[in-house]
Amino acid sequence: MPTAEYFAKSPPFPSGIELIDLPQISLASLRKNTASEAERLYKASREWGFFLLRLDTGAKASDGGDSALLKDAETMFELAEELFSLDQETLDKFAYDAPRDITGYKAMGKLKTDDGKTDHMHLYSINQDDMLGNRPRRTNAPPLEAHRTEIQSFIQNAHAALRTIFDILDTHLGLTRGTLSALCPLDQQSETSVRLLSSPAQYSPEPDRISLGGHTDIGAITLLFNVVGGLQILPAGRENVAANWRYIKPEPGCAVVNIGDTLVEWTGGLLRSSLHRVVTAPGEQGGVTRRSVAYLVRPANSGSMRRLKGGRIPPVGDGDEEETRSVNEWAAWRSRQVMLGQLKPQTRGGADL
Ligand SMILES: O=C(O)CCC(=O)C(=O)O
Ligand SMILES: [Fe+2]
């Protein structure tokens, strides 16, 4: 999440709300190879599938922090503001063609939420390969075309932070260091995207309104920035009823990191991908526009969903069916299942809480 100065532009997150107290992991400590910090990261990735990544300690690059990434994230928030202030007709010209191609604009109200209503979220997915030149250029909405350099910088810095996390997961999973990064490289085609989201202010905020329905992220890992609350997790093992969902409080100087379904497949369920959603922000925050920025890392299209071999990863047992589909076949199958209502997204993998 961006800096404290940026937070000061929105009303505060109210006190007295039941929260999930996610561990805050310092990127600077991870980069200094602090064993206890790496251990906390692995534990959180098994128990919650979520943690906060503190980016503002050791603000100098030599201290291992990442103020450049925080600045880039702020630029992405400004870009989201500019993008979603375009008129509806202009935005609709860049409409996505889901499920075939999710790059582009998803209008508010296009998706069904868990309670049978519709979503309250504009969303625009920017394809990484388009920005980095790994495939022919698309034409995106004008503000995005005007800020390709800034989007590229965000991608590079976000990816570098996630490489540090992948390396630590490799070590704790007993894999050769570099294994997970090599499966999600920057220079090969993938469905990795930068997603800008915007949920408009509500004049009389409805606290229980679901802005973005419950889901798990399909890719390997996600780095998410938000300022205004509304993001919730359903703790593992809990029934999916309103009273069981818990807020994550946005924290200045931190990003939220969450594990996706692909890492659950690759690790034979050692890591957890948690069901999460966005509802109306609590308190006064419900009356302002809620923006967020996500970097959603997917594996290279040429990769496979097969469970990785070695280290702590349990081998495929006699009773288990080995997942042999390619990354794209698996993603297409999963999206279709969810769309047809044959697969209800739920928390997967991980250790007992
Ligand atoms: O806006 C948020 O805080 C969450 C967005 C999200 O979960 C997603 O884009 O997958
Ligand atoms: Fe998500």
Side-chain angles (χ1 to χ4, degrees), residues 1-2 6-7 10 13 19-20 22 48-53 73 76-77 79-81 83-84 96 98-99 102-108 110-111 113-114 119-128 154 158 162 191-202 209-234 245-252 254-264 271-282 285-286 288-298 331 334-335 338 345-348:
M1 294 151 215
Y6 202 89
F7 268 64
S10 303
F13 189 94
L19 300 171
I20 286 185
L22 286 182
W48 291 108
F50 269 79
F51 56 86
L52 298 181
L53 185 66
M76 294 301 105
F77 270 75
L79 188 53
E81 190 168 348
L83 174 71
F84 295 115
Y96 75 172
I102 56 154
T103 302
Y105 170 64
K106 181 208 74 71
M108 189 166 85
K110 276 257 177 205
L111 301 176
T113 51
D114 325 31
D119 73 274
H120 189 72
M121 190 75 90
H122 297 279
L123 195 153
Y124 198 117
S125 297
I126 307 164
N127 180 271
Q128 169 167 283
F154 174 72
L162 291 179
E191 296 310 316
T192 298
S193 61
V194 176
R195 184 180 283 170
L196 306 181
L197 304 100
S198 176
S199 182
Q202 299 178 39
R209 180 173 194 170
I210 302 174
S211 310
L212 185 67
H215 66 279
T216 53
D217 291 355
I218 195 169
I221 200 162
T222 302
L223 187 72
L224 171 70
F225 292 88
N226 47 38
V227 174
V228 169
L231 175 64
Q232 293 186 321
I233 304 186
L234 182 69
W245 287 83
R246 292 284 175 276
Y247 288 97
I248 294 180
K249 183 180 172 200
E251 197 60 51
C254 290
V256 177
V257 175
N258 67 287
I259 302 290
D261 299 331
T262 301
L263 267 176
V264 178
L271 303 186
R272 166 164 288 154
S273 90
S274 274
L275 196 65
H276 57 284
R277 67 179 187 182
V278 181
V279 297
T280 301
Q285 291 195 334
V288 301
T289 299
R290 177 187 187 278
R291 297 188 189 87
S292 44
V293 174
Y295 177 57
L296 300 120
V297 175
R298 304 270 296 263
R334 206 170 183 289
S335 316
V338 172
Q346 54 184 323
T347 294
R348 307 178 56 217

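Every number for a ligand or one of its atoms is a count from 1 in the order of the listing. Numbers here are sequence positions counted from 1.
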Got the closest protein heavy atom to [atom], with its distance?
atom	answer
atom 8 (C) of ligand 1	Arg195 NH1, 3.4 Å
atom 6 (C) of ligand 1	His215 NE2, 3.8 Å
atom 1 (O) of ligand 1	Ser292 OG, 2.7 Å
atom 4 (C) of ligand 1	Val278 CG2, 3.7 Å

| query | Given that the side chain starts at C-beta and the backbone is N, CA, C, O, which of these parts of Leu224 lies under 4.0 Å from ligand 1, counting heavy atoms, or is it both or neither? | reply |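 For Leu224, the contact with ligand 1 is made by the side chain alone.
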Could you tell me which atoms of ligand 1, counted from 1 in the order shown, lie closer than 4.0 angstrom to a heavy atom of [X]?
X	answer
Arg290	1 (O), 2 (C), 3 (O)
Asn226	3 (O)
His276	7 (O)
Asp217	10 (O)

| query | Do you know which two heavy atoms are closest between Tyr295 and Ala158, and how far apart they sit? | reply | CD2-CB, 3.6 Å
| said: I need the minimum non-hydrogen distance between Val227 and Gln285, along with the two atoms involved. | reply: O-NE2, 4.2 Å
| request: Using atom types as modelled and distance alone, determine if a side-chain donor or acceptor of Thr216 lies under 3.5 Å from a backbone N or O of Ser274. | output: no
| query | Would you call the rings of Tyr105 and Phe84 parallel, tilted or perpendicular, where under 30° means parallel and over 60° means perpendicular? | reply |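 Tyr105 and Phe84: tilted rings.
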